[in-house]
Amino acid sequence: MEKLIITAAITGSRITREATPYIPITPEEIAQSAIECWKAGASVVHIHVRDPETGQGTQNIDIFRRVVEPLRQQTDLILCLTTSGIPGRNLPTAERLAVLDLKPELASFDAGSINLGNGVFSNSPAFLVEAAGSMKEKGVKPELEIFDLGMIMTCLQLRDKGLLQDPLYFQLVLGTPWGAPASLKSLVHLLDHLPENSDWSAFGVGKDHLPIAMAAMMSGGHVRVGMEDNLYLKKGVLADTNARFVERIVRIAGEVGRDIASPTEARTILKLN
Ligand code: ZN
């Protein structure tokens with residue numbers, strides 16, 4: 001089986017200090033946490049940033065730069081910058097795509113709209129066309145975030161129109177309250193619809209995190225971990241760092257004989273330039 005790419009999703013845009021005192025908020029905390037994950041075996045970090053004053057998610061490129069620069073100086077991590085534009089707040093397209101100017105190797109591409117609490121995480125057809133075009137032009141590989149089957153079909157349509165290029169790289173998001181459930185059946189159903197030569201990673205949200213990680217690991221997929229998706233190591237036990245999640249996956253992968261990909265090996269697997 002291919003070596004395992006571990007992606008660490010460091011902070012997301014919505015987890016507060018009330019939910020866990022350990023969530024990285026400032027650019028320095030986010031960079032530090034990413035470095036710890038790299039040391040523990042992550043080859044990719046998925047980066048959101050927060051306004052250090054309010055703690056809220058932001059697409060401010062200057063704040064992204066304060067995370068990206070130290071990571072480029074001190075690690076060989078593959079950076080996947082978010083273009084989510086704060087789900088629910090749905091920032092303007094230009095703000096969402098500004099991070100592409102930092103030339104990350106990967107950027108998240110949320111392949112459709114979905115309800116979120118009482119709001120909607122909006123990714124209109126016009127946004128998807130603009131985001132795909134912009135990533136193509138800037139040489140950034142889209143990480144196709146899939147919350148439900150229709151989003152895979154959307155990606156295949158965009159590929160057929162020449163806006164997305166093979167080999168596609170999917171991140172399957174299971175267990176959000178309004179999307180595909182975090183079950184084996186659901187994972188297999190999504191996998192059945194991926195094009196043959198694509199690469200994929202998966203994660204389950206919250207309590208479903210570990211079962212989905214293990215299923216992905218054993219099915220030849222890659223795994224995403226981190227506080228954006230899950231705060232607890234087990235019931236009632238908060239992770240005090242993101243690296244704890246990476247360490248656990250490295251441990252399990254060792255037991256089942258799946259080797260861990262270094263960032264260089266992950267670049268080869270994902271066909272990054
Ligand atoms: Zn994210």
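Just so you know, ligand 1 is whichever comes first in the structure, and atom 1 is the first atom listed for that ligand. On a predicted model such as this, the values are computed, not experimentally measured, just so you know.
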Engineer: Quick one: list whatever passes salt bridge (charged side-chain N to carboxylate O under 4.0 Å, His left out) with D76, sequence neighbours left out.
Structural biologist: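 D76 satisfies salt bridge (charged side-chain N to carboxylate O under 4.0 Å, His left out) with no other residue.
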
Engineer: Looking at E105 and K141, is any side-chain nitrogen of the basic one under 4.0 Å from a carboxylate oxygen of the acidic one?
Structural biologist: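 Salt bridge: no.
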
Engineer: What's the atom name of the N, O or S in E228 nearest to the Zn ion (ligand 1)?
Structural biologist: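 Within E228, restricted to N, O or S, the Zn ion (ligand 1) is closest to atom OE2.
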
Engineer: Taking everything shown except K207 itself, do over 12 heavy atoms lie less than 6.0 Å from its NZ?
Structural biologist: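 12 or below, so no.
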
Engineer: Enumerate the side chain to side chain donor-acceptor pair (under 3.5 Å) contacts for residues 120-134, please, sequence neighbours excluded, ordered by first and then second residue.
Structural biologist: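 Listed by first then second residue: R96-N123.
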
Engineer: Mind checking whether the Zn ion (ligand 1) has an N, O or S of E145 under 2.8 Å?
Structural biologist: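 Within the cut-off used here (under 2.8 Å), E145 places no N, O or S atom near the Zn ion (ligand 1).
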
Engineer: Can you give the angle H46 NE2 - the Zn ion (ligand 1) - H48 NE2, rounded to 10°?
Structural biologist: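 It rounds to 100°.
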
